[in-house]
Amino acid sequence: MMIMMRSAVAAAAALALTLSLPAAAHATGHSDAPARAAAVPLVLPIGVAVSALPIAVEDRTGYQRTSFKHWNAGDIPADGCNTRQEVLLAEAVVYPEIGPGCTLTGGVWWSYYDEREVTPAGALDIDHMVPLAEAWDSGASAWTAARREAYANDQGQAASLVAVTARSNRSKADQDPAEWLPPAPDALCRYGAEWTATKLRWGLAVDEAERDRLLDIAAGCGGTDVEFTPAP
């Protein structure tokens, strides 16, 4: 058992080092496109994944919400829908009718934070799993404006943006898991895994209180995996 634990920690440390390199390249304007072109989803036990997150003191100096342009034209500019609307279409339990200007009529969604069925589309917020302010604190302050826009509109990983009730999203605001967790008990493991996946995807750090809370969640979520793909 001790050997297995040491192996897991060693793997986490190696992964953390590997993930830090793309983030540093983006911050300095360099790229390693050939190396990242073959990126495939990585799957780790939640405890190992949390341990792979770099630890840093958070700093909100200079943050403005407008530093993250959203919502943009989305992944399919020709469809006339912005990122928010594309996420709603992707997550619909019952598909809505699409009218002029990508107006969505009808449709049903499931807000897993509070386990509520929601309709119409206007009753939903699109939550950034790791809020924009938290991303800024955790490393995004060093990014280019283009990379922050890519983060704010990220549909390359389903966990990055999630449709939830406006009430739960506004209750969460810009808080990390040390300060806020979904009210539905059955949402805890999924939320901890998706938060961790988003930070790993974008090479973002955690502070000590955040890391400790994620480890507490992981301890009660045996069998939960974290799946992520490093952002291009």
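Using a 4.5 Å cut-off on side-chain heavy atoms (C-beta onward), W136 and D174 make no contact. Annotation: side chain of R213 is in contact with side chain of L181 (closest heavy-atom distance under 4.5 Å). Side-chain contact between V162 and Y112 is present, with at least one heavy-atom pair separated by less than 4.5 Å. In this structure, D176 and D137 have side chains that are not in contact, with every pair of non-hydrogen atoms separated by 4.5 Å or more. Looking at heavy atoms from C-beta onward, R65 lies in side-chain contact with H70 at the 4.5 angstrom threshold.
Q157 contributes no side-chain N or O that, together with a main-chain N or O of R201, makes up a donor-acceptor pair within less than 3.5 Å. When atom types are taken as modelled, the side chain of D125 and the backbone of N169 share no donor-acceptor pair closer than 3.5 angstrom.
Of the residues V226, V130, L53, the one that meets the side-chain contact (heavy atoms from CB on, under 4.5 Å) test with W195 is V130.
If you chain together ILVMFWY residues whose side-chain heavy atoms come under 4.5 Å of each other, I98 ends up grouped with W71, V87, L88, L89, Y95, L104, W109, V118, L124, I126, L161.
The CZ atom of R190 lies 13.0 Å from the SG atom of C221; values are rounded to the nearest 0.5 Å. In this structure, R147 CZ and W202 CH2 are separated by 4.5 Å, a value rounded to the nearest 0.5 Å. Interatomic distance, E194 CD to K199 NZ, rounded to the nearest 0.5 Å: 15.0 Å. With rounding to the nearest 0.5 angstrom, the OG atom of S141 is 10.5 Å from the CD atom of E58. Atom OG of residue S138 and atom CD1 of residue I55 lie 12.0 Å apart, to the nearest 0.5 angstrom. A distance of 10.0 Å separates CG of D216 from CZ of R211, quoted to the nearest 0.5 Å.
Ion pairing between a basic and an acidic side chain is recognised when a charged N comes within 4.0 Å of a carboxylate O; R167 and D114 show no such pairing.
Here W180 and Y191 bring their ring centres to under 6.0 angstrom of each other.
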